Amino acid sequence: MGFLSAKSIAWLSVLAACGVANGSNLPRGNSLDAFIAKQRALSLQNVLNNIGPDGSRVPGAGAGVIVASPSTVNPDYFYTWTRDAALTMKTIVDEFILGNKKLQSYIEDFIRSQAIIQTVTNPSGTFLPNGVGIGEPKYKVDLTRYNGAWGRPQRDGPALRAVALITYSNWLISHGQKKKAKTVVWPVISNDLSYVGQYWNSTGFDLWEEVQGSSFFATQSQFRALVEGDALAKRLGVTCTGCDQAAQVACFLNEAYWNGEYFIANINSNDGRTGKDANTVLGSIAAFDVDASCDDASIQPCNSRGLSNFKAWVDAFRNATLYPINKGVPKGKGIAVGRYTEDVYYDGNPWYLITAGAAEYLYDAVAQWKTQGSLTIDKTSLAFFREIYPAAQVKTYTPKGKRSEFPSILKAVTNYADSFVEVVKKYTPKDGSLSEQFNKTSPFNPTSAADLTWSYAAFVSMSERRAGQYPPSWVPAKGLTAPQQCTPGSTRGVYAPATAAGAPDVNVTCTSNVRFEVNATSYYGENILVTGNTTDLGAWDFDNAWPLDASGYTAQRPLWAATIALTAGQTVSYGYIRQEDCGQDPIWESAGANRTLVVPACDPDADPEVVHVVTDDAWQGVTGSTGGC
Ligand SMILES: *[C@@H]1O[C@H](CO)[C@@H](O)[C@H](O)[C@H]1NC(C)=O
Ligand SMILES: *[C@@H]1O[C@H](CO)[C@@H](O)[C@H](O)[C@H]1NC(C)=O
Ligand SMILES: *[C@@H]1O[C@H](CO)[C@@H](O)[C@H](O)[C@H]1NC(C)=O
Ligand SMILES: *[C@@H]1O[C@H](CO)[C@@H](O)[C@H](O)[C@H]1NC(C)=O
Ligand SMILES: *[C@@H]1O[C@H](CO)[C@@H](O)[C@H](O)[C@H]1NC(C)=O
Ligand SMILES: *[C@@H]1O[C@H](CO)[C@@H](O)[C@H](O)[C@H]1NC(C)=O
Ligand SMILES: *[C@@H]1O[C@H](CO)[C@@H](O)[C@H](O)[C@H]1NC(C)=O
């Protein structure tokens, strides 16, 4: 993969979560039970194998760094993504709380690594003063910045990281360690919540790193983070800056994405897709609370709209022309599912974590109906139920009475869930290794990144749900309702290095935003970067130069651009570099091409996104050509 050029969209990502087997999931005597018991333990171990400093598959990774996959070529996933790492850490925290005490050291290492990572200046920007650097999607495994062109920022990662750390903080408080939760962990969480409260209403790239817009998955995760963050702040007696945005995030989540049949995964974008996307299903399993109501504003798995959405998305993959792997599988049975039907990344195949995620979604819903002792089918969810239980009617079912259909309906949904796990089982190699995808075309081999951390983590969390093990509840007992009137919003964040957790004591620099715009005709696969003579601009070092973005590139105007926060008041000398497609030497502009710019004085109270200067440059020097790799 690789985010190559003007016309390529970013490609892919990764990620994950993990967990541990704790013996409660003993075989029940059929082969699916036996498979799951074995695969769950193996999957947890494989998650740990991908975490530094001692993970057997990731030499060189720092302590607490969760690597996406050991794969370094075709594709190169040897990085840590904030989203994948946070989802993986949530599963680790859940497994820890379920009893696997040896996982605590992984959690502690993770907190430290993330405290450091929050402060790293990167192509999304700096940590101080406005937190924009926190939106960077991925870093090198030694906790330094990744400088290549990428789909950035991504605004789900900080929310998911907050959720994982909030779950752990609540455990600390319940185990006599409130002081640690408050002084060590909260400062990390607080930066992430500030980021969410400040930027939830700005566009960013989706979890697949391809679409710039608003993503259902991100909004749902942001809502959870702000609600839980607010409750934790109250328990700790501290202030949550940003949590006041929760109600408006709920409004946006409930009003903006629903089209009457399903949730459109990406809005505020023009991606030309139907919008049926695993994005929405993975969002709801990350927001699952067994005690929440099906009408809760967080959109739980048992939500009627959620079930209709689930059906619309799964049905899109029942097309045997698109997915030969699903040929002949009748309706009502689980199939191999992928991200979205227009997907072309590695030919757009089914993913293990998504197929397991479909099962997890259904187990979650069943758990909620069991907890509530009631199941209401309405017009919106009727088609979902009819597919697996043809006698379903629009009404409320309860377990009362001899003829109650409640148990049969729950059984039908559970069997449907199991049938997705059967698909995972069928396509899992004998050694239990889980890559990112498995080929939709015979012989259905595993493909893309090997040993994907997120695949393993997803298997563990699915196994927990099937075994009746649920993460701590987070929805307030009175439930959540969204306001009727949606309005745009943003709360200015408060950012400080979480030094007690191990962050370096970085200090505030007063910055002004400079937008570098350069006309530079490039070929597919080539990138343009900017550098200059200050530390901010990378000190003429190619490895620290800033990648520009080609999203505004057209034949009429070959525009490459980026907005960069630079230390106010400095005079800088700067120029552009061409990065070739096959690792050829970078091409610098001709001698004498350097330009000079004075960064304007800053205004600490200004909108952090305001641009103070825009350059109007044209590439000066030779052009590049493809290496033909
Ligand atoms: C911001 O919020 C408003 C109100 O909910 C919504 O209409 C708009 O689409 C949102 N924009 C983004 C980029 O989130
Ligand atoms: C099935 O998938 C093929 C290949 O993507 C597509 O051309 C066709 O329109 C799809 N059929 C339906 C009914 O969606
Ligand atoms: C999927 O399998 C087909 C048929 O064997 C093969 O041509 C194709 O290259 C495979 N795709 C991937 C991404 O592995
Ligand atoms: C900022 O931090 C650096 C590195 O820790 C330190 O050398 C410098 O004195 C600090 N500056 C201010 C103004 O605090
Ligand atoms: C960068 O270059 C400018 C223009 O030549 C100069 O004024 C400035 O002092 C230089 N800054 C550094 C840090 O070298
Ligand atoms: C001009 O740019 C080059 C890089 O292209 C750099 O090595 C050189 O030091 C710059 N000159 C000045 C005076 O900043
Ligand atoms: C860049 O291209 C635009 C559009 O063609 C043009 O208006 C502008 O003058 C160009 N800038 C430079 C420095 O050539």
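Here the structure is a predicted model, which means the values were calculated and not measured. When a ligand or atom number is given, it counts from 1 through the structure's own listing order.
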A.B. asks: Heavy-atom distances under 4.0 Å decide this one: backbone, side chain, both or neither, for L559 against ligand 7?
C.D. replies: neither

A.B. asks: So, do Y574 and F516 have ring centers that fall under 6.0 Å from each other?
C.D. replies: yes

A.B. asks: List every atom of ligand 5 that sits less than 4.0 Å from any heavy atom of S573, numbering the atoms from 1 in the order shown and giving each element.
C.D. replies: 1 (C), 2 (O)

A.B. asks: Does any N or O atom in T321 lie less than 3.5 angstrom from one in ligand 2, N or O only?
C.D. replies: no

A.B. asks: Please name the pair of heavy atoms, one in L207 and one in N279, separated by the smallest distance, quoted to 0.1 Å.
C.D. replies: CD2-ND2, 3.6 Å

A.B. asks: Report yes or no: is the cationic atom of R152 (NZ for Lys, CZ for Arg) under 6.0 Å from the centre of the six-membered ring of W546, at an angle within 45° of the ring normal?
C.D. replies: no

A.B. asks: Just to confirm my output: which protein heavy-atom neighbour is closest to atom 11 (N) of ligand 2, and how far is it?
C.D. replies: N319 ND2, 2.8 Å

A.B. asks: F385 and Y389: aromatic ring centres closer than 6.0 Å?
C.D. replies: no

A.B. asks: Any nitrogen or oxygen of N533 lying under 3.5 Å from a nitrogen or oxygen in ligand 5? Just yes or no.
C.D. replies: yes

A.B. asks: Working to the nearest 0.5 Å, report the span between CG of L529 and CH2 of W588.
C.D. replies: 9.0 Å

A.B. asks: Would you say the ring centers of Y257 and F252 fall short of 6.0 Å from each other?
C.D. replies: yes

A.B. asks: Would K311 count as a cation-pi partner of F384, with NZ or CZ less than 6.0 Å from the six-membered ring centre and within 45° of the ring normal?
C.D. replies: no

A.B. asks: May I ask you to identify the nearest protein heavy atom to atom 5 (O) of ligand 2, giving residue, atom name and distance to one decimal place in Å?
C.D. replies: L322 CD1, 3.5 Å

A.B. asks: What protein heavy atom sits nearest atom 9 (O) of ligand 7, and how far away is it?
C.D. replies: D616 OD2, 3.9 Å

A.B. asks: Can you list the atoms of ligand 7 that are under 4.0 Å from a heavy atom of N519?
C.D. replies: 1 (C), 2 (O), 3 (C), 8 (C), 10 (C), 11 (N), 12 (C), 14 (O)

A.B. asks: Among protein heavy atoms, which lies nearest atom 4 (C) of ligand 7, and at what distance?
C.D. replies: R557 CD, 3.6 Å

A.B. asks: Can a protein heavy atom be found under 4.0 Å away from atom 2 (O) of ligand 7?
C.D. replies: yes

